[in-house]
Amino acid sequence: MNDLLNFILAQDAFRKKTNPDGYTVNVSAWEQALLKAARNGYIPASHGSSGEPSISTSSQAIKPKKDHLVLRADESLLRALELPEWGRPIALAAVFDEAIRSRIMVPLQMYRASSSSLNKPQWSLIEPGVLNPWSVMSWGLKQLKGVVVGLDRESTPPLQAQELVLVENLKEAAGLIVKQAMSRNSSKTDLIYSKENFVQEFASVFTEENDLSHTDFNVLLMYLSRDSGAIAYDGKTIKFRSSNDAPKEITEQDTAICSIKSAMSAMTKQVENLENKIIELNLTAKATLHNKNKISALAAVRSKKLAEHNLKQRLNTLAQLEEVYSKIEQATSHVEFVQVMETSTGVLRGLNTQIGDSTKIEDIVDELREEISKVDEVGNILNEAGPQIDEAEIDDELQEMENKEQHDQEEEETRRRLAELHDLKQRAKEPRTASNQGVDSALEESIGRLSRMSVEEGREATAQ
C-alpha cells in the first residue's frame, strides 16, 4: 500500500470492520481523512493542471511539491486508494458531492470564476436538491466494510474528474501565512514581496518535508487578495495589509520596492554561487598541483581569480542596493511619522477649537472663582446661624470625665489590694513556721499601707 492509503486507514474512523452508523458518518470520515491527508502532504501535486509555468525556487530540487490545498479527484486517486482485498472505494463520488454541497470542497474552476468572496454566507455553487438520493440509498444497502469499497461499479455513478479546493486547508494556510508575515516583519517595506520571494518564504507553511504546489499558491493568493483582503496583489507584487484602512491596490512605490528586493535576492544568490565556485576552484587547483598537473592548476587559479573579481563586483552592487533599500525604509518611516504628526496636529486643532482662545479661558476661570466665593459666603452664613456652644461648659465636662476616670482607677487599685490582704490572711491561719513569720510581716505592712491609703482618700474627699 502507498503512503496515502496507509495514512487514511490509520484514521480512527477507518479502523472499524463495518460501518453501522451509515451514510452521514462515512461521508464525514472520508471528508476529514482526505483533508488531513492533503494537509500532511500525502496528495501528489497535479503538475500542469493550472496551465501556468511552475515557479522555480531554491528548495525545488530539495523538497518535493505536494497539493495541500487542492485535491484532484480522478481515476489516479481511486487507484491510489485501491486495496487488493476490497478493491476501489466505489462510492467516493457521493463523498465529493456531499463535500461540494456543504462547501467543504469547492470545484477549482468555479472558485476561480466566482466574483464573490468565499467567506460570504450566500456563496454557493449548487442547490441542496441536487444531491442524488440514489447515492444515499445505495450506500445504505451495501453496508460495505471499513473504507466502503467494492467491485460493483454498475450501480454506482462514476467519479467525475475534477480539481477541488479544500476550503478548511485553504483558510488554515492563509491564517498561518498572515500570522508569520506580521510577526516577522518590522516595517512596511518588509511586507512587500515578489511572487517568487513569497513562494520561497511560505512554501513550507504546513510541513517542512514538502512544499506547497504551484496550484496551491495560485489558489492561496486568490483567497488572500479577494476573499480575506489580507494582501494587495497585482499578479507580480504582493503587499500584506497592516490594517483594514491600508490601500487595496499596488502603488508605484510598492512595485519599486519589490524590484529592489528582487534584485537584492538575485544578487545574494549570485554571491553565494560565486563563493562556492571559488572554494571549488581552490580545491581543484590544490588537487591538480598535487598531481603535478600544472596546466590544470594554472587554469583553475585563473578561473578562481576571475570569480573573485566578479564576486567583488557583486558585493559592491549588493552593498549599494542594500544602502538604497535602507534609505527607502528610512523614508517610509519618515512618511509614517509625518502622517502621525499631521493627524495629531489635526486632533489638537479640533480640541483647541472646542476650548476657545485664552480670553475665554480667563473669563471661565474668573466666573469659577466668583462662584466658589459665593459658596464660601453661604457656608459662613450657615455657620453663624447655627447653635452657640459655651466653651467653658465643654471644659467643665471634660474635667469631670477625667476625674471619673481617675476615681475608677483608684477603686480598681483598692480592690486589688484587698484581694492581696485576703490572701495573706488565709496564709496566716496555717501552722506558724519560720516562713510564716515572713508572711505576717508582709501582712502587717500591707495593712499599714491600706490604712494610710484609706486615710488619704478620706482627706481628698473632704478637700473636694
Side-chain angles (χ1 to χ4, degrees), residues 2-4 7 31 33-81 92 96 99-100 103-115 117-119 123 125 159-178 193-228 230-231 233-238:
N2 55 49
D3 293 339
L4 173 60
F7 179 84
E31 290 173 348
L34 291 172
L35 289 174
K36 291 179 180 179
R39 189 195 185 286
N40 288 276
Y42 290 100
I43 304 297
S46 51
H47 297 289
S49 60
S50 62
E52 299 179 12
S54 59
I55 300 175
S56 60
T57 65
S58 59
S59 61
Q60 187 173 11
I62 301 175
K63 297 181 182 179
K65 291 184 178 297
K66 299 292 183 67
D67 283 333
H68 296 76
L69 312 180
V70 177
L71 174 67
R72 182 167 181 79
D74 56 9
E75 287 294 320
S76 62
L77 179 62
L78 292 179
R79 287 194 298 269
L81 297 175
L92 203 57
F96 292 129
I100 294 172
R103 286 203 303 176
I104 294 176
M105 300 180 188
V106 175
L108 177 59
Q109 296 301 326
M110 292 184 180
Y111 177 70
R112 287 174 173 170
S114 177
S115 58
S117 171
L118 183 63
N119 294 324
W123 200 95
L125 295 174
L159 180 61
Q160 180 183 0
Q162 58 182 333
E163 288 182 297
L164 301 172
V165 178
L166 307 178
V167 178
E168 293 183 13
N169 291 3
L170 174 61
K171 292 182 178 181
E172 183 181 0
L176 291 174
I177 288 176
V178 171
Y193 294 84
S194 66
K195 189 173 182 180
E196 182 177 358
N197 290 337
F198 182 87
V199 171
Q200 293 176 357
E201 183 75 15
F202 303 108
S204 303
V205 65
F206 275 150
T207 62
E208 293 293 336
E209 290 75 19
N210 45 68
D211 293 341
L212 298 181
S213 68
H214 176 62
T215 305
D216 286 342
F217 273 109
N218 287 337
V219 174
L220 186 59
L221 289 171
M222 179 175 290
Y223 177 82
L224 287 171
S225 58
R226 185 190 68 185
D227 298 340
S228 70
I231 64 172
Y233 177 52
D234 63 356
K236 295 181 179 180
T237 304
I238 300 163

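The chain is numbered in sequence order, starting from 1.
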Mind checking whether [X] and [Y] have side chains closer than 4.5 Å, heavy atoms only?
X      : Y      : answer
Tyr233 : Met222 : no
Leu71  : Leu34  : yes
Leu164 : Pro107 : yes
Asp74  : Gln162 : no
Phe206 : Asn40  : no
Leu77  : Phe96  : yes

Among Asn210, Thr215, Asp211, the one residue meeting side-chain contact (heavy atoms from CB on, under 4.5 Å) with His68: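 Only one option passes, and that is Asn210.
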With respect to Val70, which candidate in Val219, Leu166, Leu220, Val106 satisfies the side-chain contact (heavy atoms from CB on, under 4.5 Å) definition? Val219
Taking it one step at a time, do Arg72 and Ile43 satisfy side chain to side chain contact (heavy atoms under 4.5 Å, CB included)? CA-CA 9 Å; Arg72 182 167 181 79; Ile43 304 297; over 6 Å; no
Whether Glu172 and Arg39 form a salt bridge (side-chain N of Lys/Arg under 4.0 Å from carboxylate O of Asp/Glu) is what I want to check.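 Result for this pair is yes, salt bridge flagged.
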Atom [atom1] of [X] and atom [atom2] of [Y]: how far apart are they, to the nearest 0.5 Å?
X      : Y      : atom1 : atom2 : value
Leu81  : Leu92  : CG    : CG    : 6.5 Å
Phe217 : Leu212 : CZ    : CG    : 4.5 Å
Lys195 : Gln200 : NZ    : CD    : 13.5 Å
Glu163 : Gln109 : CD    : CD    : 7.0 Å
Asp227 : Leu170 : CG    : CG    : 7.5 Å

Are there more than 12 heavy atoms of other residues, nucleotides or ligands under 6.0 Å from atom NZ of Lys171?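 Correct, the count exceeds 12.
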Using atom types as modelled and distance alone, determine if a side-chain donor or acceptor of [X] lies under 3.5 Å from a backbone N or O of [Y].
X      : Y      : answer
Asn169 : Leu35  : yes
Lys66  : Gly41  : yes
Ser114 : Met110 : no
Asp216 : Leu69  : yes

For Ala173 and Val205, which heavy atoms make the closest approach, and how far apart are they?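 Nearest pair, atom of Ala173 first, then Val205: O-CG2, 4.2 Å.
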Honestly, is Arg226 close enough over Tyr111, meaning NZ or CZ under 6.0 Å from the six-membered ring centre and within 45° of the axis?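 Yes, Arg226 and Tyr111 form such a contact.
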Describe, in one word, how the ring planes of Tyr193 and Phe198 are oriented to each other, choosing from parallel (under 30°), tilted (30 to 60°) and perpendicular (over 60°). perpendicular
